[in-house]
Amino acid sequence: MPDTGSAAHTRPGEGATPLWLPREIFDSEHDMFRASVKRFVAEEMLPHYAAWEEAGIAPREIWAKAGAAGLLGTSIPADYGGAEAGFVYDSIVIEELANAGIAGPSFDLHSYIVAPFLIKFGTEAQKQRYLPGMADGSIIASVAMTEPDSGSDLQAVRTSAVRSSDGNGDHYVVNGSKIFITNGIVGDLCLLVAKTDPAKGARGVSLLLVDTNSPGYQKSKSLKKIGNKAQDTAVLYFDDMKVPVDNRLGGENEGWRLLMSGLVQERLIVAVRAVSTCEAALEQTIAYTKERKAFGQRVFDFQNTRFTLAELVTEVQIARHFMDRCIRLHAEGACDMRTAAMVKLSTTELQQKVLDACLQLHGGNGYMWEYWIARAWADARVHRIYAGTNEIMKELIGRTL
Ligand SMILES: Cc1cc2nc3c(=O)[nH]c(=O)nc-3n(C[C@H](O)[C@H](O)[C@H](O)COP(=O)(O)OP(=O)(O)OC[C@H]3O[C@@H](n4cnc5c(N)ncnc54)[C@H](O)[C@@H]3O)c2cc1C
């Protein structure tokens with residue numbers, strides 16, 4: 001596996017000349033945390049990563065280790081075992097995973113998508129039950145929205161939750177299925193989107209906290225994907241599965257409002273990963289083309305190579321500034337839906353362009369799975385699809401103009 005632990009913000013092979021402008025959103029405590037995450041990734045993840053990709057899943061132990069190292073609970077309140085440190089710290093974890101080319105297991109979804117729903121909307125009992133385990137990695141979370149017939153159009157979900165009462169108390173009886181569910185195999189807790197009032201469309205949706213060992217909960221084998229191979233992805237089936245009413249997150253039929261509140265962060269997470277991946281790809285490609293020879297000269301010395309890299313480095317530098325502005329805004333609770341859609345759209349489109357060009361500059365080696373650039377190229381493709389497709393981002397931005 002190519003070395004990914006090199007100084008992320010220094011031009012390879014050129015000593016102290018910085019490739020990127022200094023960033024202004026971090027202080028020395030952030031830098032210390034980043035160093036600890038970088039060390040964890042290098043020692044505990046990279047040596048095993050190829051095996052996890054091969055298996056299509058990462059083992060539970062890595063979750064416990066990541067929890068102990070403080071990677072999972074950056075935003076979880078201290079009362080529930082987290083660091084309560086906020087989105088800048090979340091971003092550091094995501095950036096270091098992206099720099100190293102680690103696309104799975106999906107800490108992103110567990111810590112920065114599911115946990116915030118519990119933090120914002122959970123009852124005290126729900127928080128006590130799930131958040132400490134999510135911070136220490138003993139409870140792994142997934143979120144199940146997408147169905148075989150509804151992805152972008154979430155209002156069309158058909159999984160039903162019908163309220164019922166018997167000797168065991170008030171509960172919902174859930175029937176239906178979900179597809180493409182990240183952490184769907186390893187997950188212990190599934191935040192499930194279900195229709196509690198089908199007549200009301202989006203206004204008839206509720207969120208349920210489902211323990212995945214509930215009778216009636218079934219999962220497929222991990223789906224085979226073109227990238228993100230160390231991340232397990234499943235189809236889920238619910239057959240008369242009982243979920244106690246106490247496990248509902250928020251009010252009945254309030255699910256849509258809750259889901260909307262998570263979209264800004266979900267999109268920023270993808271964008272944070274995209275920009276860091278672009279930076280790492282360019283650093284690696286500059287180094288590679290300076291080593292690789294063709295026609296008696298370095299590949300870097302062809303004008304085509306330098307022009308390509310010059311354009312991409314410039315575009316990524318611009319993207320970095322927009323990204324950091326968004327990280328800071330969001331940490332202050334001030335990033336709006338349009339801005340989040342803009343940063344997700346622009347950075348993931350740029351990522352595709354950068355990775356494809358960098359892969360090209362690696363020649364045939366770039367097509368080999370053992371090369372960082374090949375895996376990053378494959379892993380990145382989904383970023384234009386999930387967290388809202390880029391077409392949906394354009395719709396959202398367009399509507400506000
Ligand atoms: C690896 C992976 C992991 C995932 N993890 C999860 C997960 O953990 N939980 C979960 O719930 N889901 C997950 N998803 C699902 C993901 O969120 C959806 O795939 C995504 O929202 C797109 O939905 P869809 O696949 O149904 O595509 P569709 O909605 O069928 O879209 C097909 C095409 O039509 C376009 N389109 C749709 N509507 C419009 C419109 N209004 N205007 C213009 N174009 C439009 C889309 O942009 C797309 O190009 C995952 C998907 C993948 C691939």
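Start at 1 and go down the list; that is how both ligands and their atoms are numbered. What you see is a predicted model, and the numbers here were worked out from it, not measured in a lab.
- Counting heavy-atom neighbours within 6.0 Å of Q297 CD, excluding the residue itself, gives a total above 12.
- Counting only heavy atoms of the protein, atom 26 (O) of ligand 1 lies nearest to G151 CA, 3.1 Å.
- If you check which protein heavy atom lies closest to atom 3 (C) of ligand 1, you get T182 OG1, 3.4 Å.
- For residues 300-311, the salt bridge (Lys or Arg N to Asp or Glu O under 4.0 Å) pairs, not counting sequence neighbours, are R298-D301.
- Not one N or O of E395 is nearer than 3.5 Å to an N or O of ligand 1, by distance alone.
- Atom 41 (N) of ligand 1 is flagged as protein-proximal [any protein heavy atom, distance under 4.0 Å].
- Of all the heavy atoms of V382, the ones lying under 4.0 Å from any atom of ligand 1 belong exclusively to the side chain.
- Between P116 and Q265 the shortest side-chain heavy-atom distance falls below 4.5 Å.
- Distance check on atom 32 (C) of ligand 1: every protein heavy atom falls at or beyond the 4.0 Å cut-off.
- Using a 4.0 Å cut-off to heavy atoms of L109, the atoms of ligand 1 that qualify are 8 (O).
- Under a cut-off of 6.0 angstrom, the local environment of NZ in K120 is crowded, with over 12 non-hydrogen atoms contributed by other residues, nucleotides or ligands.
- Side-chain atoms of Q231 come within 3.5 Å of backbone N or O of A103 as a donor-acceptor pair.
- The distance from ligand 1 to the heavy atoms of I385 drops below 4.0 Å at these ligand atoms: 19 (O), 20 (C).
- Of the polar atoms of I179, none of the N or O atoms is found under 3.5 Å from an N or O of ligand 1, judged by distance alone.
- Neither the backbone nor the side chain of V193 has any atom closer than 4.0 Å to an atom of ligand 1 (non-hydrogen atoms only).
- Checking T146, D149, L236 against atom 12 (N) of ligand 1, the nearest heavy atom belongs to T146.
- Those atoms of ligand 1 that come under 4.0 Å of a heavy atom in M145, given as number and element, are 10 (C), 11 (O).
- Atom 20 (C) of ligand 1 is flagged as protein-proximal [any protein heavy atom, distance under 4.0 Å].
- What sits closest to atom 4 (C) of ligand 1 on the protein, heavy atoms only, is F180 O, 3.0 Å.
- At a heavy-atom cutoff of 4.0 Å, ligand 1 is contacted by the side chain of I392 but not by its backbone.
- Nearest non-hydrogen protein atom to atom 9 (N) of ligand 1 is V143 O, 2.9 Å.
- Looking at S152, A103, P148 and measuring to atom 27 (O) of ligand 1, the nearest heavy atom belongs to S152.
- The neighbour count for R163 CZ, taken as heavy atoms of other residues, nucleotides or ligands under 6.0 Å away, is above 12.
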Taking only distance into account, with no hydrogens and no angle test, what donor-acceptor pairs under 3.5 Å do side-chain atoms of residues 234-241 form with protein atoms, sequence neighbours excluded?
| unit_1 | atom_1 | unit_2 | atom_2 | d |
| --- | --- | --- | --- | --- |
| D240 | OD1 | N175 | ND2 | 2.9 |

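- Taking a cutoff of 4.0 Å between a charged side-chain nitrogen and a carboxylate oxygen, D324 and R320 qualify as a salt bridge.
- Results of the side chain to side chain contact (heavy atoms under 4.5 Å, CB included) test with W63 over L71, N183, I139 single out N183 as the only residue that passes.
- Y386 CD2, 3.8 Å is the protein heavy atom nearest to atom 2 (C) of ligand 1.
- A heavy-atom distance below 4.5 Å is not found between the side chains of N247 and Y172.
- For CD of E291, the number of neighbouring non-hydrogen atoms (other residues, nucleotides, ligands) closer than 6.0 Å is 12 at most.
- Contacts with ligand 1 closer than 4.0 Å are made by no heavy atom of K178, backbone or side chain.
- For atom 46 (C) of ligand 1, the nearest protein heavy atom (residue, atom name, distance) is T389 OG1, 3.7 Å.
- For the pair R34 and E95, the salt-bridge criterion is met [side-chain N within less than 4.0 Å of a carboxylate O].
- Using a cut-off of 4.0 Å between Lys/Arg side-chain N and Asp/Glu carboxylate O, R257 and E254 are scored as salt-bridged.
- Nearest-heavy-atom check against atom 48 (C) of ligand 1 across E266, E391, K394 picks out E391.
- Of all atoms in ligand 1, listed by their number and element, those nearer than 4.0 Å to a heavy atom of K225 are 1 (C).
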